[in-house]
Undergrad: 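The structure is given below, and queries will be raised subsequently.
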Amino acid sequence: MSSASTDFRPGLEGVIAFESEIAEPDKDGGTLRYRGVDIEELVGRYPFENVWGLLVDEDINAPLPPSEAIHLQDPSGSVPADLQAALATLGPKWGMQKLVDIDDKQARDDLARLSSATLTIVAQAARGKQPPVPEAEIAQGENAAAKFLIRWRGEADPKHVKALDTYWISAAEHGLNASTFTARIAASTGADCAAAMSSAVGTLSGPLHGGAPARVLPMLEGAEKADDVEQYIRDMLGRGERIMGFGHRVYRAYDPRAVVLKRTAEELGSPRYEVAAALEEAALNVLREKSPGRPLETNVEYWAAVVLDFAQIPPGLTPAMFGCARTAGWSAHILEQKRTGRLIRPGARYIGPAPRSVDDL
C-alpha cells in the first residue's frame with residue numbers, strides 16, 4: 001500500500017480532494033480570485049447578484065434573479081435553523097428532482113431559485129412576527145442587498161446596503177471549506193439541490209465556520225474601554241483567551257477579504273473604525289512577538305465584524321448573513337460536483353480494539 005493511501009492528516013488539512021475552476025485563494029500572495037477575477041475588481045463595481053452569476057455561470061451579466069415571496073411558517077427564533085429547515089422542504093414543495101435525474105441547466109435553475117429563496121427566508125425570519133413588507137416596496141430596492149434590507153426592516157439605508165453588499169461579495173466563495181465540502185458530499189449522492197443547500201447551512205450551527213465575526217465584537221467592546229490596547233491584548237493572552245480575527249488555515253499573508261472590508265469600514269465612516277484599527281495594530285504586534293515563526297495576520301472575520309456591526313446586523317444573525325453570501329459558492333460547487341458524476345467516499349483507518357469475542361467484554 002502506498003504512503004499516499006496510508007498517510008493520515010487530522011481534519012484533512014492539506015489533502016487535495018477536488019480540482020476546481022471556481023475560486024483561487026492565493027495563500028502566499030494574499031489575493032482571492034473568483035474564476036480568475038480578483039475580488040478587488042468586483043466590490044463597488046458589481047453587486048452581489050452579478051458576482052453570483054460570475055461564480056455559478058462564469059457570466060457576470062447573468063445575475064441571480066430577484067427573490068420571490070415565501071411564507072415562512074412558525075419561525076423558531078433561530079434564523080439559521082429556520083433557513084435550514086425551510087430549504088429542505090422547498091425541494092419537495094417545488095417538485096425538484098434529484099441531481100442524477102436532471103441536466104445541468106435544470107440544476108442551475110434550481111440553485112438560482114434556492115439562492116434567491118435564501119435571501120427571502122433570512123430576511124423574513126429576521127423580521128419575526130411583524131407584518132410582511134409589500135412585494136411592490138421590496139422591488140424598489142436597487143440591488144439584492146437593498147431588497148433584502150427592505151424585506152427585513154421596511155427600509156434600506158444606502159450605507160447599510162453598501163456594507164452588506166460588500167460583505168456578501170467578500171464571503172461569496174472561498175474554496176473547499178466545511179460548508180462547501182458538505183454541499184459537495186450531499187450533491188455527490190445525487191440528492192436534490194435543496195437537500196444539498198440545506199446540508200451546507202447545517203454546518204453554520206457550529207461557531208467555527210461562518211459565525212466568527214460575532215466573537216470579534218466583545219473584543220472590540222473591551223478595547224474601547226481599555227486605557228492601553230496593547231496591554232489589553234497581553235492580558236487576554238495571559239488569561240488563555242483567544243484573540244479572534246487573526247490567523248487563517250489558508251492565508252499566510254493578510255487576508256484579501258479583510259483588505260476590502262477594512263477599506264469599506266473606513267469609507268462608510270464606521271464609528272468603530274479607529275478602535276478596530278488600533279486593536280488590529282496592537283494584536284499584530286503582540287502576536288508577532290509571541291509567535292515570530294507563525295504567520296498570524298488579520299483574517300476576514302475581524303473586519304467583517306466591523307462592517308456588519310455598522311450595518312446593524314445583530315451578532316446572532318452573522319451565520320445567516322454568511323449563508324446568504326455563500327449561496328453563490330455552494331451553487332457553483334454543487335454544479336461542479338454534479339458534473340464529476342462521482343460519489344465522495346473517503347476512507348478511515350480503524351484504530352479500535354483487536355478482534356475479540358463478546359465474552360471478553
Side-chain angles (χ1 to χ4, degrees), residues 30-32 38-40 42-45 48 145 149 153 155-171 207 210-239 241-248 251-292 295-319 321-322 325:
T31 57
L32 173 61
D38 195 313
I39 62 169
E40 288 269 8
L42 298 171
V43 172
R45 186 173 179 184
F48 167 74
L149 290 173
R153 299 172 177 168
E155 60 181 7
D157 182 311
K159 288 189 173 183
H160 293 177
V161 170
K162 179 177 178 179
L164 185 57
D165 187 61
T166 302
Y167 171 72
W168 279 354
I169 292 172
S170 70
R215 299 192 168 208
V216 172
L217 287 179
M219 193 171 70
L220 287 174
E221 290 165 359
E224 287 173 335
K225 301 171 185 175
D227 295 327
D228 184 330
V229 177
E230 190 162 308
Q231 188 58 48
Y232 169 71
I233 293 291
R234 294 185 190 280
D235 291 343
M236 285 185 67
L237 291 173
R239 293 191 298 268
E241 297 178 30
R242 184 178 176 186
I243 308 302
M244 302 301 297
F246 298 89
H248 196 277
Y251 296 109
R252 294 191 178 96
Y254 198 102
D255 193 322
R257 300 165 296 175
V259 173
V260 169
L261 291 164
K262 181 177 182 178
R263 182 172 64 243
T264 300
E266 183 178 22
E267 290 172 352
L268 291 172
S270 166
R272 281 188 159 155
Y273 178 81
E274 296 298 335
V275 69
L279 180 61
E280 177 187 44
E281 182 179 3
L284 290 173
N285 288 339
V286 173
L287 290 170
R288 287 165 183 163
E289 176 187 301
K290 183 175 182 293
S291 304
L296 289 170
E297 298 295 325
T298 309
N299 65 37
V300 64
E301 282 86 9
Y302 187 82
W303 286 103
V306 179
V307 169
L308 291 175
D309 177 67
F310 176 83
Q312 298 178 11
I313 307 294
L317 273 183
T318 300
M321 291 298 120
F322 179 84

Undergrad: Could you tell me whether the side chain of I313 reaches within less than 4.5 Å of the side chain of V307, counting heavy atoms only?
TA: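 No - every pair of side-chain heavy atoms lies 4.5 Å or more apart.
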Undergrad: Which heavy atom of S270 sits nearest a heavy atom of V306, and at what distance?
TA: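 That closest heavy-atom pairing would be OG-CG1, 3.5 Å.
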Undergrad: How would you list, by chain and number, every residue that makes a side chain to side chain contact (heavy atoms under 4.5 Å, CB included) with T166, sequence neighbours excluded?
TA: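 Once residues adjacent in sequence are excluded, the partners of T166 under the side chain to side chain contact (heavy atoms under 4.5 Å, CB included) criterion are V43, K162, V260, L261, T264.
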Undergrad: Rounded to the nearest 0.5 Å, how far does CD1 of I39 lie from CG of L32?
TA: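 Rounded to the nearest 0.5 Å, the CG-CD1 separation comes to 4.5 Å.
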Undergrad: Which residue pairs pass the salt bridge (charged side-chain N to carboxylate O under 4.0 Å, His left out) test when at least one of the two sits in residues 272-287, sequence neighbours left out?
TA: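 Sorted result for residues 272-287: E221-R272, E224-R272, K262-E280, R272-D309.
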Undergrad: List in chain and number order the residues that pass salt bridge (Lys or Arg N to Asp or Glu O under 4.0 Å) with E241, two or more places apart in sequence or in another chain; answer none if no residue qualifies.
TA: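 In terms of salt bridge (Lys or Arg N to Asp or Glu O under 4.0 Å), with neighbours along the sequence ignored, E241 is linked to R239.
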Undergrad: Residues in salt bridge (Lys or Arg N to Asp or Glu O under 4.0 Å) with E40, at least two apart?
TA: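 Counting only residues at least two positions away or on another chain, E40 forms a salt bridge (Lys or Arg N to Asp or Glu O under 4.0 Å) with R263.
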Undergrad: So R288 and L296, side-chain contact (heavy atoms from CB on, under 4.5 Å) or not? Walk me through it.
TA: CA-CA 7 Å; R288 287 165 183 163; L296 289 170; over 6 Å; no
Undergrad: Considering all heavy atoms of both residues, which atom of A156 and which atom of L149 are nearest to each other, and what is their separation?
TA: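 Closest pair (atom of A156, atom of L149, distance): CB-CB, 4.0 Å.
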Undergrad: When rounded to the nearest 0.5 angstrom, what is the spacing between NZ in K225 and OH in Y232?
TA: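 Between atom NZ of K225 and atom OH of Y232 there are 9.0 Å.
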Undergrad: Write down the atom of R242, the atom of M236, and the distance for their closest heavy-atom approach.
TA: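 In terms of heavy atoms, the two residues are closest at O-CE, 3.8 Å.
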Undergrad: To the nearest 0.5 Å, tell me how far E301 CD sits from M244 CE.
TA: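 Reported value, rounded in 0.5 Å steps: 7.5 Å.
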Undergrad: Does the side chain of L220 come within less than 4.5 Å of Y302's, by heavy atoms?
TA: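 Yes, side chains in contact.
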Undergrad: So how far is it from R257 CZ to N299 CG, rounded to the nearest 0.5 Å?
TA: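 CG of N299 is found 7.5 Å from CZ of R257.
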Undergrad: Please enumerate all residues that pass side chain to side chain contact (heavy atoms under 4.5 Å, CB included) together with R234, with sequence neighbours excluded.
TA: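 With sequence neighbours excluded, R234 shows a side chain to side chain contact (heavy atoms under 4.5 Å, CB included) to E230, Q231, V286, E289, given in chain and number order.
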Undergrad: Could I get the full list of side chain to side chain contact (heavy atoms under 4.5 Å, CB included) partners for A258, not counting sequence neighbours?
TA: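 Only Y254, D255, T298, W303 meet the side chain to side chain contact (heavy atoms under 4.5 Å, CB included) criterion with A258.
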Undergrad: Search all heavy atoms of F246 against all heavy atoms of M219 and return the closest pair with its distance.
TA: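 Between these two residues, the closest heavy atoms are CE1-CE, 4.3 Å.
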Undergrad: Please report the interatomic distance CD1(I233) to NZ(K290), rounded to the nearest 0.5 Å.
TA: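 Here the interatomic distance stands at 12.0 Å.
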Undergrad: Testing the basics here: between A305 and V216, what is the closest heavy-atom pair and its distance to 0.1 Å?
TA: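 Result for this residue pair: CB-CB, 3.6 Å.
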